[in-house]
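What follows is a short report on a single structure.
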Amino acid sequence: MRKYHINVFYSEADGGYIADVPDLESCSAFGKTQEEAMREVMIAIEIWIETAEAEGDEIPEPRYKPAIYQTI
């Protein structure tokens, strides 16, 4: 399985965490905690790929490299 970079951030407007996959257009998920958002986005990635395969669409290779970010 390809390993895609995932951005996780807190959304004041949504009152929870958003997990976003930059390489997969419109692939994101929501959770009340970071862990829940990560679990949900892993499901979303699987569904995104399954749907692309079924539709005969190209599945992009991961472009973004994992990085460690720190917020102060």
Side-chain angles (χ1 to χ4, degrees):
M1 180 180 182
R2 296 171 178 95
K3 295 191 184 240
Y4 291 101
H5 176 79
I6 300 168
N7 296 316
V8 179
F9 57 93
Y10 185 78
S11 170
E12 287 284 340
D14 296 310
Y17 291 86
I18 306 294
D20 174 64
V21 185
D23 287 321
L24 304 178
E25 186 176 346
S26 300
C27 185
S28 63
F30 173 83
K32 289 289 186 184
T33 64
Q34 292 177 20
E35 294 80 11
E36 182 181 5
M38 285 297 295
R39 280 193 305 273
E40 294 296 320
V41 83
M42 296 307 290
I43 295 167
I45 290 169
E46 285 183 42
I47 293 169
W48 196 102
I49 292 171
E50 288 173 6
T51 302
E53 288 174 339
E55 297 290 323
D57 294 336
E58 184 178 334
I59 300 170
E61 291 296 322
R63 294 180 302 152
Y64 295 92
K65 302 290 183 219
I68 298 173
Y69 298 96
Q70 181 176 357
T71 307
I72 298 176

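Owing to the predicted nature of the structure, the values given are computational and were not obtained by experimental measurement.
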Exercise for the section: Can you measure from CD (Glu50) to CD1 (Ile45) and round to the nearest 0.5 angstrom? Expected result: 12.0 Å

Completion exercise
Rounding to 0.5 Å, atoms NE2 (His5) and CG (Leu24) come to a distance of 12.0 Å

Completion exercise
In terms of heavy-atom contacts, Asp23 and Arg63 come closest through OD2-N, 3.0 Å

Problem - Nearest atoms (heavy-atom pairs only) where Lys32 meets Gly15 - result: NZ-O, 3.8 Å

Problem - Closest heavy-atom pair and its distance - Ala19, Ala37 - result: CB-O, 3.6 Å

Problem - Atom pair CG/CD1 of Asp57 and Ile49 - distance to nearest 0.5 Å - result: 12.5 Å

Exercise for the section: Can you run down the ring pair (Phe, Tyr, Trp, His ring centres under 6.0 Å) pairs that involve residues 11-61, sequence neighbours left out, and say none if there aren't any? Expected result: Tyr10-Tyr17

Exercise for the section: Starting at SG of Cys27, measure out to CD1 of Ile6 and round the result to the nearest 0.5 Å. Expected result: 8.0 Å

Handout entry: Closest non-hydrogen atom pair, Ser28 against Ala44
Key = O-CB, 4.1 Å

Practice task
Tell me whether Tyr4 is reachable from Phe9 by hopping between hydrophobic residues (I, L, V, M, F, W, Y) whose side-chain heavy atoms are closer than 4.5 Å.
Solution key: no

Problem - Hydrophobic cluster membership, Ile18 vs Val21, 4.5 Å side-chain cutoff - result: no

Practice task
Take Glu46 and Ile43 through the test side chain to side chain contact (heavy atoms under 4.5 Å, CB included) and record every step on the way to the result.
Solution key: CA-CA 5 Å; Glu46 285 183 42; Ile43 295 167; 5.6 Å; no

Problem - Nearest heavy-atom neighbours spanning Ser11 and Asp14 - result: OG-OD2, 2.9 Å

Practice task
With rounding to the nearest 0.5 Å, note down the distance linking CE in Met38 to CD in Glu35.
Solution key: 9.5 Å

